[in-house]
Every structure is written in structure tokens, then in C-alpha cells.
Amino acid sequence: MTNENLIIELLQEIKQEQQKMNQRLDKIEQRFDRVDQNINFLAAEIGKLKMVNHSQAMHEQAKPAKQQLVLNGQMSDETLKNSVQGTGSLEHLEELWKNVLVRVGQEISKPSFETWIKSTKLLSYNSSDATVTISAPNSFARDWLENHYMHLIKCILTELTGEELLINFVDQKTRTDFDLPKTN
């Protein structure tokens, strides 16, 4: 065997080994991708658990929070329930939403409140089918509220109204199914 043939044979073996190594690296990358997916899934599940634990802690602190609302000059829960369920007027919706905003403000950071919650409005409350409609300033905020604050808002509304409510978030800029005037 000549040196030239030997070199060609060695180069072919090196090429085969490189291909095997590349295949192994591809498999390792696929495993890392699966690990990343699992980590992301677990992080999302942990986030959900934190919201559930946060909700349970919120319920345990409900009485002091209710007293705080009364001390802050807000309408009492019983008066609020009766007035909103009785009339559903825009004035009472605003009063209900003010109470919700106070409670949410106690539960989340001020920057989060200012960014996501402050500009929301309670558009409707229908006690016959136990639904409320809340407007967000844009579709991104609407989606964020649905994904991050739905449970918290639902718990607070349920506590204040005495009903398990379904919440619909709408984009304030594109809402067409409500004839309610925009409030400032």
C-alpha cells in the first residue's frame, strides 16, 4: 500500500468518525431541546401553582382586606353586592371596579398594577348568567390580563359579588359589541 492510499484511507476513516460525531452531537442537541421544553413547561406549571397559592393566601386574608376597603371609604361588600346585582347601572359598576382595583393593588406590585390593571374598565356585569366583561386598552394587554391576572381578578370579583363569575376580557380599541359609553 502506498503512502497516498494510506492517507486516503485515513482521511476516509476520519470523515466517517466526523459523521458519527456529528450524529451524536445532533442527538445531544435534540436532548437539550427536550430538556429546555420540559423546563419551560415546569416553569409554567410552577407559575400556575404560585397563582393558586396566592389565591389561597388571598382568601385567608379576606377579612382584613374587606375591613381595609371600608376604612378607605369604599362601599361595603354587602352594599356593593346589593347595589350591583339590583341595578347593574354604570355608577354601580364603577364602584364595584374601584373596589376590585383597590384589592388588586394590594396583591400585586405597583409597577405591574400601573402597567396592566389601572387602565382597565368593568364594562358589564350580568348576574343572570354570572358574567362580567372587562376592557383592556389594547389586545396585548387583554391577552396579558387573561394569562396572568384572570385568576386573581376572578377571586376578588367572586368575593365582592358573592358569585362565581365568568370573565370576558375585550380590547377597548376594537370592542363593537357594547353600547356603553367610555368612562374616564
Side-chain angles (χ1 to χ4, degrees), residues 44-45 47-184:
E45 291 300 310
K48 289 177 187 176
L49 289 174
K50 284 183 179 178
M51 284 300 290
V52 168
N53 289 339
H54 178 75
S55 171
Q56 290 169 347
M58 187 181 71
H59 285 296
E60 290 170 9
Q61 298 170 350
K63 288 185 181 178
K66 287 179 184 178
Q67 292 169 351
Q68 184 67 31
L69 287 174
V70 173
L71 292 175
N72 287 338
Q74 302 294 325
M75 189 181 289
S76 73
D77 287 353
E78 199 56 43
T79 305
L80 189 61
K81 285 179 196 175
N82 293 337
S83 64
V84 172
Q85 289 174 345
T87 65
S89 73
L90 189 57
E91 177 184 306
H92 291 107
L93 290 177
E94 288 174 356
E95 190 65 37
L96 172 62
W97 198 241
K98 283 180 189 176
N99 281 281
V100 171
L101 292 178
V102 168
R103 292 283 298 281
V104 172
Q106 294 171 346
E107 299 294 326
I108 66 174
S109 71
K110 185 173 180 166
S112 293
F113 180 84
E114 295 289 325
T115 302
W116 303 111
I117 306 294
K118 185 176 181 180
S119 61
T120 60
K121 305 245 184 293
L122 179 61
L123 297 178
S124 69
Y125 172 82
N126 186 341
S127 60
S128 64
D129 65 0
T131 59
V132 294
T133 302
I134 300 167
S135 73
N138 54 54
S139 60
F140 182 78
R142 177 200 62 216
D143 294 344
W144 187 268
L145 289 166
E146 286 176 348
N147 292 321
H148 294 89
Y149 294 111
M150 169 83 81
H151 187 73
L152 175 63
I153 292 171
K154 184 176 183 173
C155 287
I156 292 171
L157 277 168
T158 299
E159 235 176 79
L160 292 175
T161 62
E163 292 184 78
E164 181 80 19
L165 299 170
L166 297 173
I167 299 176
N168 297 313
F169 287 100
V170 295
D171 177 352
Q172 198 172 47
K173 292 182 179 178
T174 60
R175 67 184 175 103
T176 57
D177 48 342
F178 292 99
D179 295 325
L180 297 173
K182 289 185 181 179
T183 58
N184 295 330

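None of these values were measured; they are calculated from a predicted model.
Inter-residue side-chain proximity for Ile156 and Asn99 is flagged as unmet; no heavy-atom pair is nearer than 4.5 Å. No side-chain heavy atom of Asn126 sits under 4.5 Å from any side-chain heavy atom of Thr133.
Taking the six-membered ring for Trp and thresholds of 30 and 60 degrees, Trp116 and Trp144 have nearly parallel ring planes, at less than 30 degrees apart.
Checked by atom type and distance alone, the side chain of Thr158 pairs as donor or acceptor with a backbone atom of Glu163 at under 3.5 Å. A donor-acceptor pair is defined here as one N or O able to donate and one able to accept, closer than 3.5 Å; no such pair exists between the side chain of Trp97 and the backbone of Ile134.
Shortest non-hydrogen contact noted between Gln172 and Ser135 is NE2-OG, 3.5 Å. The nearest pair of heavy atoms linking Tyr149 to Ser112 is OH-CB, 3.4 Å. Between Thr131 and Asn168, the shortest heavy-atom distance links the atoms CB-ND2, 4.4 Å. The shortest heavy-atom contact between Ile153 and Ile167 is CG2-CD1, 3.9 Å.
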- Apply the test side chain to side chain contact (heavy atoms under 4.5 Å, CB included) to residues Glu164 and Lys154: give CA-CA distance (whole Å), side-chain angles for both, the deciding distance (0.1 Å), then the verdict. CA-CA 8 Å; Glu164 181 80 19; Lys154 184 176 183 173; 3.1 Å; yes
- Take Ile117 and Leu145 through the test side chain to side chain contact (heavy atoms under 4.5 Å, CB included) and record every step on the way to the result. CA-CA 8 Å; Ile117 306 294; Leu145 289 166; 3.5 Å; yes
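For the atom pair CG of Leu160 and SG of Cys155, the computed distance is 11.0 Å after rounding to the nearest 0.5 Å. The OH atom of Tyr125 sits 4.0 Å away from the OG1 atom of Thr161 when rounded to the nearest 0.5 Å. Separation of atoms CD1 (Ile108) and CZ (Arg103) is listed at 13.0 Å; rounding is to 0.5 Å.
Contacts of Glu146 classified as salt bridge (charged side-chain N to carboxylate O under 4.0 Å, His left out), with partners at least two apart in sequence or in another chain: none.
Identified under the salt bridge (Lys or Arg N to Asp or Glu O under 4.0 Å) test for residues 127-141, with sequence neighbours left out: none.
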